[in-house]
Peer 1: 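Here you go, one structure.
Per chain, numbering begins at 1; letters A, B, ... match sequence-line order.
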Amino acid sequence: MRSVRAGREVAFIALNDGSCLASLQVVAEAGMAGFDEVCRLGTGSAVVVHGVLRPSPAAGQAVELAAERVEVIGPADDAYPLQKKRHSFEYLRTVAHLRPRTNTFGAVFRLRSSLAQAVHRFFAERGFLYVQTPIITANDCEGAGELFRVTVLDPDQPPRCNGKVDFGADFFGQPTGLTVSGQLEGELFAQAFTDIYTFGPTFRAENSNTARHAAEFWMIEPEMAFADLMDDARLAEEFFRYLCRHVLEDCAEDMAFFDAQIEKGLLERVRTVAETSFEVMEYSEAIGHLEKAPVSFQFPVSWGLDLQSEHERYITERVVGGPVFLINYPKDIKAFYMRLNDDGRTVAAMDLLVPKVGEIIGGSQREERLDLLTGRMAGVGIDPASLWWYLETRRWGSTPHAGFGLGFERLIMYLSGMENIRDVIPFPRTPRHAEF
RNA sequence: UCCCCAAUAGCUCAGUCGGUAGAGCGGGUGGCUGUUAACCACCAUGUCCCUGGUUCGAGUCCGGGUUGGGGAGCCA
């Protein structure tokens, strides 16, 4: 129950089961048994109503339920923390066990569910194999500092060997942690199934305190064999625009709510992306635009430096005025697995930049040539022995392949207008927060 | 991790020059013949985040801490 409006002769209950934003109007008349009790029910109560659905004589709803009997299943007293008024998102985070009962969080989590199903449908329609990559991994190639350690050793008295903790005595016989990405395993599967995708939780122990970072979040990572960077960009564009169209069509009521209550102009923004084809721009060209820009940036711009958020937004908002792929970044600012271009100084990387948020998708063509890959790993200090299985795919039947990653929460934020990642995750995990 | 801001009633907030606490919403009570986060009247809200200091006197000024938020870095 969202609210009760009681008069002497008639009472109205706004009843919501979470299936959609709109509540059902229940009408109870004074002659009904238990009418007085119904009038005293508080927001948050659970009831079962028996009655007749009929056209509503008043504006505001097409139909209403004329109650014949109201069963109070679970009453709620006046200490119920949610009132029939607007609360701050900060406050609602402290009652995350109850906030899905609000209009905004109802809309957010319906959108999240619908989007997850649309992601699977998109790839299923295109014959992609869905692979569940491991949550626990011994793969520390992306930097052990940000990995959550997984261990069964006694933290007070771990076994030691030469003064160091002996992970050889641990459950897996080696140091393990929670995965930071399923990409490397996804690449292995692409060499068998051609087109695959992962969609699952990932973890970062980074002490990030921002509205866009969480310690536990979900990522979508497709990988295609026999594909180059432009194939990758085409898939990313098709995927992103598919999801925009999906929420406009299948979540229309909730999207209208976001447009009215969360971000004015959201519908127009999402429609534009759904209808516009994306541009492609070389990193070098972007640097040229930024160097000539008639605005002053906080961070410096020159060839070889990574782009900051302010630069990305300038390119997509001011130069292009829409979504744009930036491609072919300097190799020194990108990951070791990205394919070296023929110029020898850039790699086949792409970032999709969109107005308002900047980068939303990052991807690349992968280095399929064994000698160049081992060379890059040596250059950045990664021991090839630790990734022997990854390298073996380059030894036998190696194909050109490419893929990208999309942070699921950032997609939801983009499509809902919600500005804090803590408010698009049912029970968010951030530094010092693992309640609920 | 760094920088900045904030913390006052259940919630959202105001609180002037340092002089002993306010509003709206919510709640309670009553009223109301169909409401739309109903409306009208009345009633009660309190460890002013904690701690130390300055002062005759601190919600207000200063130091330390805690918690929350914004930004940056890292990135998704």
Peer 1: If I compare all heavy atoms of I220(A) with all of F199(A), which pair ends up nearest, and what's the gap?
Peer 2: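 For I220(A) versus F199(A), the nearest heavy atoms are CG1-CD1, 3.5 Å.
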Peer 1: Who does C61(B) pair with, Watson-Crick or G-U, both distances under 3.5 Å?
Peer 2: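 Its partner is G53(B).
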Peer 1: Looking only at heavy atoms, what is the nearest atom pair of V4(A) and K84(A), with distance?
Peer 2: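 Result for this residue pair: O-NZ, 3.5 Å.
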Peer 1: In whole Å, measure the gap between the P atoms of C61(B) and C75(B) for me.
Peer 2: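 These two P atoms come out 40 Å apart once rounded.
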Peer 1: Please report the distance separating the P of U16(B) from the corresponding atom of A7(B), rounded so that it comes out in whole Å.
Peer 2: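 So the two P atoms sit 12 Å from each other.
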Peer 1: Classify the side chain of Q61(A) versus the base of U35(B) as yes if they form a donor-acceptor pair under 3.5 Å and no if they do not.
Peer 2: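 For Q61(A), whose side chain was compared with the base of U35(B), there is a donor-acceptor pair (under 3.5 Å).
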Peer 1: Take atom C1' in G63(B) and the same atom in U55(B), then report the distance between them in whole Å.
Peer 2: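 Each nucleotide's C1' atom is 16 Å from the other's.
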Peer 1: Do D423(A) and R99(A) sit within salt-bridge range, that is, some charged N less than 4.0 Å from a carboxylate O?
Peer 2: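 Salt bridge flag = yes for R99(A) with D423(A).
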Peer 1: Below 4.0 angstrom, N of the basic side chain to O of the carboxylate: do R112(A) and E409(A) qualify?
Peer 2: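 So R112(A) pairs with E409(A) through a salt bridge.
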Peer 1: Scan every strand shown for a Watson-Crick or G-U wobble partner of C2(B), both distances under 3.5 Å, and answer none if you come up empty.
Peer 2: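 The base-pairing partner of C2(B), which may sit in any strand shown, is G71(B).
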Peer 1: Would you say the base of G27(B) and the side-chain of R40(A) have a donor-acceptor pair closer than 3.5 Å?
Peer 2: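 No.
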Peer 1: Please state whether the base of G10(B) and the side chain of Q83(A) form at least one donor-acceptor pair under 3.5 Å?
Peer 2: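 When only heavy-atom distances are counted, Q83(A) does reach the base of G10(B) through a donor-acceptor pair under 3.5 Å.
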Peer 1: Grab the CG-P distance between L15(A) and A37(B) for me, whole Å please.
Peer 2: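 After rounding, the reported distance stands at 16 Å.
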Peer 1: Which is more 5' along RNA chain B, the nucleotide nearest R422(A) or the one nearest N209(A)? Just name the residue.
Peer 2: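 Per heavy-atom nearest nucleotide, the more 5' residue is N209(A).
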Peer 1: Take atom CZ of F299(A) and atom C1' of C3(B), then tell me their distance rounded to the nearest Å.
Peer 2: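 Going from F299(A) (CZ) to C3(B) (C1'), I get 12 Å.
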Peer 1: For C42(B), what is the paired nucleotide under Watson-Crick or G-U wobble rules, both distances under 3.5 Å?
Peer 2: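 With both distances under 3.5 Å, C42(B) matches G28(B).
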Peer 1: Please report, rounded to the nearest Å, how far the P atom of C2(B) is from the CD atom of E206(A).
Peer 2: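 Taking CD of E206(A) and P of C2(B), I get 14 Å after rounding.
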Peer 1: Where each residue is assigned the nucleotide of RNA chain B containing its nearest heavy atom, which of E419(A) and N207(A) is assigned the position nearer the 5′ end?
Peer 2: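 Looking at the nearest nucleotide for each, N207(A) comes out on the 5' side.
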Peer 1: Taking the same atom, P, in U60(B) and in C50(B), what whole-Å distance lies between them?
Peer 2: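 These two P atoms come out 10 Å apart once rounded.
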Peer 1: Looking at E368(A) and R366(A), is any side-chain nitrogen of the basic one under 4.0 Å from a carboxylate oxygen of the acidic one?
Peer 2: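 Here R366(A) does not pair with E368(A) in a salt bridge, since their nearest N and O are not under 4.0 Å apart.
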